[in-house]
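Because the structure is predicted, anything quoted here is derived from the model rather than measured. The figures that follow rest on heavy atoms only: side chains count, while hydrogens, waters and symmetry mates do not. Remember, it's 1-based here, ligands and their atoms both numbered in the order they're listed.
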Amino acid sequence: MLLIACPVTGADVLVSADRIRSVTNHPTHIAVTVACCACGQTHVHRTGRRWAAAGAAAARRAEELVPA
Ligand SMILES: [Zn+2]
């Protein structure tokens, strides 16, 4: 079972492992494509240490560019 955040409904959805359509390794992250139970569409969820670090670095850059 996986807990995913559906970007269409905004709900947290618990999906079974047989709803995973693909798992792809990339240099910066792993992309997991899941058929969503809530909206019926497929969503790509990206995860991994390097992906999280890249997101944190982008957030820091955004904070530097936009005054609070
Ligand atoms: Zn969905």
Parallel, tilted or perpendicular: ring planes of His26 versus His29, cut at 30 and 60 degrees
parallel
To the nearest 0.5 angstrom, please state how far the CZ atom of Arg19 sits from the CD1 atom of Ile4.
8.5 Å
For residues 30-42, run the donor-acceptor check on the side chains, cut-off 3.5 Å, and write out each pair with its distance to 0.1 Å, sequence neighbours left out.
{"residue": "Thr33", "atom": "OG1", "partner": "Ser22", "partner atom": "OG", "Å": "3.2"}

For the Zn ion (ligand 1), count the protein N, O or S atoms found under 2.8 Å away.
4
Leu2 and Val44: same hydrophobic cluster, using ILVMFWY side-chain contacts below 4.5 Å?
no
How long is the straight-line distance from NE2 of His43 back to CZ of Arg21, given to the nearest 0.5 Å?
12.0 Å
Calculate, to the nearest 0.5 Å, the distance between atoms CG and CG belonging to Asp12 and Leu3 respectively.
5.0 Å
